[in-house]
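Written below as structure tokens is the structure these notes are about.
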Amino acid sequence: MPVHAQAASATPRPRGGIVGILKLAFSNFLAAVLLFLTAGTIRWVWGWVYLALVFAVVGFYSRTLLTLHPDLIVERQRPPAGAKAWDRPLVAIVAVVGPVALLVLAGLDRRLGLSSPVATGWHVAGLAMVAAGGAITNWAIVHNRFFSGLVRIQHERGHVVVSSGPYATVRHPGYSGAILHTLGTALALGSWWSLAIAVPVVVAICVRTALEDRTLRAELEGYEEYALRVRSRLVPGLW
């Protein structure tokens, strides 16, 4: 969750940080295996290009956590105290069920030829969206050491509002990046059918954004004033 906080001074790398990164790498490896298993072939150029881009984004993300916010790796592995009950089903949709279903349907689409052929331009546009989404999310993480996995106010970690980096333009840039990544995945893999999964996931992200924003305005000191300065939640000038 893009919980807003001032970047703190460097903290010692906690035990378990490397383990957390290895778990992340393994989960992405499993996603790659799932994609090609459902596709029924490894001879899929756009699939390899997409995965190479995703691993590059994850690599930058992992490096950022290890060098800037190593304690966040451990925090994201534990079910945090004070997390909002309504957030857990949304996390399941946005972070697990939705992405897995999207990859499965894209792979089956490749195997069965469900979609009409997708022009190269659409593939490239999708890859550009995935890259942009990853860049925005990683930019947000650089500025926000409280980028937690569940919505909560992290009192024990000195929670304060931040307005630097992408937070100077939108209040929830991590979700903006996630939306670009989700829609871009369907296009990059050339699957019109997988948009049937991507669109509901985007809707769930928007719902989570609205609920998180309401929580922060009610419970995080200074956030209401910040929201009056930075009017947009996800898209500048739109919402």
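In what follows, every heavy atom counts, from backbone to side chain, and hydrogens, waters and symmetry copies are set aside.
A distance of 13.5 Å separates CH2 of Trp139 from OG1 of Thr64, quoted to the nearest 0.5 Å. Interatomic distance, Leu103 CG to Tyr50 OH, rounded to the nearest 0.5 Å: 5.5 Å. Distance check, rounded to the nearest 0.5 Å: CG of Leu90 to SG of Cys206 gives 11.5 Å. Here the OH atom belonging to Tyr175 is positioned 15.5 Å from the CG atom belonging to Leu180, to the nearest 0.5 angstrom. Note that CG of Leu150 and CG of Asp87 are 5.0 Å apart. Values are rounded to the nearest 0.5 Å. Atom CZ of Arg171 sits about 5.0 Å away from atom CZ of Arg217, to the nearest 0.5 Å.
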Please output the side-chain donor-acceptor pairs of residues 114-122 that fall under 3.5 Å, not counting sequence neighbours, one pair per line with the distance.
residue: Ser115; atom: OG; partner: Asp109; partner atom: OD1; Å: 3.4
residue: Ser115; atom: OG; partner: Asp109; partner atom: OD2; Å: 2.4
residue: Ser115; atom: OG; partner: Trp192; partner atom: N; Å: 3.0
residue: Ser115; atom: OG; partner: Trp193; partner atom: N; Å: 3.4

Mind listing the side-chain donor-acceptor pairs of residues 37-44 below 3.5 Å, one per line with the distance, residues two or more places apart or on another chain?
residue: Thr38; atom: OG1; partner: Leu34; partner atom: O; Å: 2.9
residue: Thr38; atom: OG1; partner: Leu35; partner atom: O; Å: 2.9
residue: Thr41; atom: OG1; partner: Arg43; partner atom: N; Å: 2.9

Please set out all donor-acceptor pairs under 3.5 angstrom arising from side-chain atoms of residues 229-236, sequence neighbours excluded.
residue: Arg231; atom: NH1; partner: Leu228; partner atom: O; Å: 3.3
residue: Ser232; atom: OG; partner: Val235; partner atom: O; Å: 3.4
residue: Ser232; atom: OG; partner: Gly237; partner atom: N; Å: 2.9

Do any side-chain atoms of residues 124-136 form donor-acceptor pairs under 3.5 angstrom with protein atoms, and if so which ones, sequence neighbours left out?
none

Inset, instruction - Decide yes or no on salt bridge (charged side-chain N to carboxylate O under 4.0 Å, His left out) for Asp71 and Arg145, but give the supporting numbers first. - result: CA-CA 9 Å; Asp71 57 321; Arg145 66 179 295 266; 2.4 Å; yes
Inset, instruction - Report the C-alpha separation of Leu211 and Arg208 in whole Å, then their side-chain angles, then the decisive distance to 0.1 Å, and conclude whether the side-chain contact (heavy atoms from CB on, under 4.5 Å) test is met. - result: CA-CA 5 Å; Leu211 291 173; Arg208 192 181 189 212; 5.9 Å; no
Legend entry - Asn28 vs Val54, side-chain contact (heavy atoms from CB on, under 4.5 Å): CA-CA, chis, key distance, verdict: CA-CA 9 Å; Asn28 279 272; Val54 168; 3.9 Å; yes
Inset, instruction - Check the pair Tyr61, Thr137 against side-chain contact (heavy atoms from CB on, under 4.5 Å), reporting the backbone distance first and the verdict last. - result: CA-CA 9 Å; Tyr61 166 83; Thr137 299; 5.7 Å; no
Inset, instruction - Could you give me the CA-CA distance, side-chain angles and deciding distance for Leu24 and Ser62, then say whether side-chain contact (heavy atoms from CB on, under 4.5 Å) is met? - result: CA-CA 8 Å; Leu24 176 64; Ser62 300; 3.7 Å; yes
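Residues Val96 and Leu102 do not share a hydrophobic cluster, defined by chaining ILVMFWY side chains whose heavy atoms lie under 4.5 Å apart. The hydrophobic clustering, which links ILVMFWY residues whose side-chain heavy atoms are closer than 4.5 Å, places Phe26 and Val33 together. A continuous path of ILVMFWY side-chain contacts below 4.5 Å connects Val49 to Val58, so both sit in one hydrophobic cluster.
The two residues Val161 and Gly222 make their nearest non-hydrogen contact at CG2-C, 3.6 Å. Shortest non-hydrogen contact noted between Leu189 and Gly47 is CD2-CA, 3.9 Å. For the residue pair Glu212 and Trp86, the shortest heavy atom distance occurs at N-CH2, 3.8 Å. Of all heavy-atom pairs spanning Ser191 and Leu105, the tightest one is OG-O, 4.2 Å. Shown here for Tyr167 and Val162, the closest heavy-atom pair between the two residues is CB-O, 3.8 Å. Scanning both residues, Trp46 and Ala188, for their nearest heavy atoms gives CB-O, 3.7 Å.
Side-chain contact between Ile153 and Leu216: present, with at least one pair of heavy atoms (C-beta onward) separated by less than 4.5 Å.
Crowding of Glu221 atom CD: a count of heavy atoms from other residues, nucleotides or ligands under 6.0 Å not exceeding 12. Heavy atoms of other residues, nucleotides or ligands lying less than 6.0 angstrom from CZ of Phe29 number 12 at most.
Residues Trp48 and Phe36 bring their aromatic ring centres within 6.0 Å.
The ring-ring contact (aromatic ring centres under 6.0 Å, His included) check on Trp239 picks up nothing, with sequence neighbours excluded. Not counting sequence neighbours, Glu225 has no partner by the side-chain hydrogen bond (donor to acceptor under 3.5 Å, both in side chains) test.
Among Leu72, Leu66, Thr67, the single residue meeting the side-chain contact (heavy atoms from CB on, under 4.5 Å) criterion with His69 is Leu72.
Looking only at distances, no side-chain donor or acceptor of His159 sits under 3.5 Å from a matching main-chain atom of Leu220.
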